[in-house]
Amino acid sequence: MVRLDYSFFDRPTLNVSRELLGKKLIKIEPDGNCLSGIIDEVESYIGSEDLASHARNGLTQRTQVMFGSPGRSYVYFTYGIHWMFNIVTEPKGVPGAILIRSIIPTEGLNTMKSRRGKASTGLTDGPAKLTQALGINKDWNNYNLCDSNSSLYIEDLGTATPQSVSAPRIGLGKTPEPWFSMPWNYKIIKTQGLGSHLSIR
DNA sequence: GCAATGATACAG
DNA sequence: TGTATCATTGCT
């Protein structure tokens, strides 16, 4: 079991995105409790030119983290309710981030369930669901995931990177082309009968 | 189908 | 200082 370090994230965003699938996201609670899940779906936001990215407006107070060092977290609040967890990529000065959209829970299920509430469906199968289950909020923004004693990090299980499909990103609203259709959403293949618009990697 | 609920960014 | 816009979710 190896903790992913700076060199893993300091590479082209799409490579990092695809290889992040099948890796384990781990959060150690203050009481020592371990919460974890296998990364199942991610989405890339690359460069200032990407009009779907928060970095489209250039360097601002909110987006400065995206321009910073790779291997750190970019956590932001949206829709007045939800926290989104991203991992910064690209060299310092170049904005880039990967939104973690879905994980398959592996450890700490009871804690996750209690945080999600029993009326809700799906423990961690949505970007805001997993932040709620793991307890990720603004306190975790600009957190160094690569530090050897960090409480939030990604682990390489040593398994081969799973097969994935790429598709256009989700929830982009009025983002103009070509950005709206860029196939920068990656997901682990697990069902048959995929739509023909999806390309298998 | 749509309300919830607030930070952000930009116009003026 | 006002307001349009959201990288969503869950209930109707």
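Order of the sequence lines fixes the chain letters, A, B, ..., with proteins taken first and strands second; residue numbering starts at 1 for each chain. This one's a predicted model, so the numbers in the text were calculated from it and none came from an experiment. The figures that follow rest on heavy atoms only: side chains count, while hydrogens, waters and symmetry mates do not.
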> Is there any ring-ring contact (aromatic ring centres under 6.0 Å, His included) pair reaching into residues 4-37 of chain A, and which pairs are they, with sequence neighbours excluded?
Replying inline: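 ring-ring contact (aromatic ring centres under 6.0 Å, His included) check on residues 4-37 of chain A returns no pairs.
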> Among pairs that include at least one residue of residues 50-78 of chain A, which meet salt bridge (Lys or Arg N to Asp or Glu O under 4.0 Å), considering only residues two or more places apart or in two chains?
Replying inline: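 Qualifying pairs, neighbours excluded: A/Asp50-A/Arg169.
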> Which pairs, with at least one residue in residues 123-142 of chain A and sequence neighbours excluded, count as a salt bridge (Lys or Arg N to Asp or Glu O under 4.0 Å)?
Replying inline: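 Non-adjacent pairs meeting salt bridge (Lys or Arg N to Asp or Glu O under 4.0 Å): A/Asp125-A/Lys129.
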> Can you list every pair that meets side chain to side chain donor-acceptor pair (under 3.5 Å) and has a residue in residues 145-154 of chain A, with sequence neighbours left out?
Replying inline: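 Output for this query lists A/Arg3-A/Ser150.
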> Is there a donor-acceptor contact under 3.5 Å linking the side chains of A/Glu41 and A/Ser102?
Replying inline: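 Side-chain D/A pair, A/Glu41 to A/Ser102: absent.
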>> Do A/Thr60 and A/Thr63 pair up side chain to side chain, a donor and an acceptor below 3.5 Å, judged on atom types alone?
In response: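 Their side chains do contain a donor-acceptor pair, which is all the 3.5 Å distance test asks for.
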For [X] and [N], give me the distance from atom [atom1] to atom [atom2], rounded to whole Å.
X	N	atom1	atom2	value
A/Trp179	C/dA7	CH2	C1'	16 Å
A/Lys129	C/dG10	NZ	C1'	9 Å
A/Glu43	C/dT8	CD	C1'	12 Å
A/Asp125	C/dA7	CG	C1'	16 Å
A/Leu123	C/dT9	CG	P	13 Å
A/Ile46	C/dA7	CD1	P	16 Å
A/Asn86	C/dT8	CG	C1'	13 Å
A/Arg115	C/dG10	CZ	P	16 Å

The criterion is ring-ring contact (aromatic ring centres under 6.0 Å, His included); which residues satisfy it with [X], sequence neighbours excluded?
X	answer
A/Phe67	none
A/Trp179	none
A/Trp83	A/Phe77

>> For chain A and DNA chain B, what are the first and last nucleotides along the strand, 5' to 3', with at least one atom under 4.0 angstrom from a heavy atom of the protein chain?
In response: B/dA4 to B/dC10
In a table with atom names and distances, give each donor-acceptor pair under 3.5 Å that connects a side chain of residues 88-100 of chain A to protein atoms at least two apart or in another chain.
unit_1  : atom_1 : unit_2  : atom_2 : d
A/Thr89 : OG1    : A/Thr13 : OG1    : 2.7
A/Glu90 : OE2    : A/Thr13 : N      : 3.0
A/Glu90 : OE2    : A/Thr13 : OG1    : 2.6

> With a 4.5 Å heavy-atom cut-off, do A/Ile103 and A/Leu134 have their side chains touching?
Replying inline: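 Side chain of A/Ile103 against side chain of A/Leu134, heavy atoms only: contact under 4.5 Å found.
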> Between A/Ile170 and A/Glu43, is any pair of side-chain heavy atoms under 4.5 Å apart?
Replying inline: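 Yes, at least one pair of side-chain atoms sits under 4.5 Å.
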>> So A/Ala128, base contact, sugar-phosphate only, or nothing? Heavy-atom distance under 4.0 Å.
In response: sugar-phosphate
>> Once pairs are restricted to Watson-Crick or G-U wobble with both distances under 3.5 Å, how does DNA chain C read as a dot-bracket string, [ ] for crossings and | for other-strand pairs?
In response: ||||||.||||.
> Are A/Phe85 and A/Tyr186 grouped together when hydrophobic residues (ILVMFWY) are joined by side-chain heavy atoms under 4.5 angstrom apart?
Replying inline: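 Result: yes, single cluster for both.
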>> Under 4.0 Å from OP1 or OP2 of C/dT9: is there any side-chain N or O of A/Arg116 that close?
In response: no
What are the atom names and distances for every N/O pair under 3.5 Å that joins the protein to nucleotides 3-6 of chain C?
none

>> At a heavy-atom distance below 4.0 Å, what parts of residues 57-65 of chain A sit against DNA chain B?
In response: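 Within residues 57-65 of chain A, the residues near DNA chain B are A/Asn57, A/Thr60, A/Arg62.
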> Only one of A/Leu25, A/Asn144, A/Ile28 forms a side-chain contact (heavy atoms from CB on, under 4.5 Å) with A/Leu152, so which one is it?
Replying inline: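 Of the listed residues A/Leu25, A/Asn144, A/Ile28, the side-chain contact (heavy atoms from CB on, under 4.5 Å) partner of A/Leu152 is A/Leu25.
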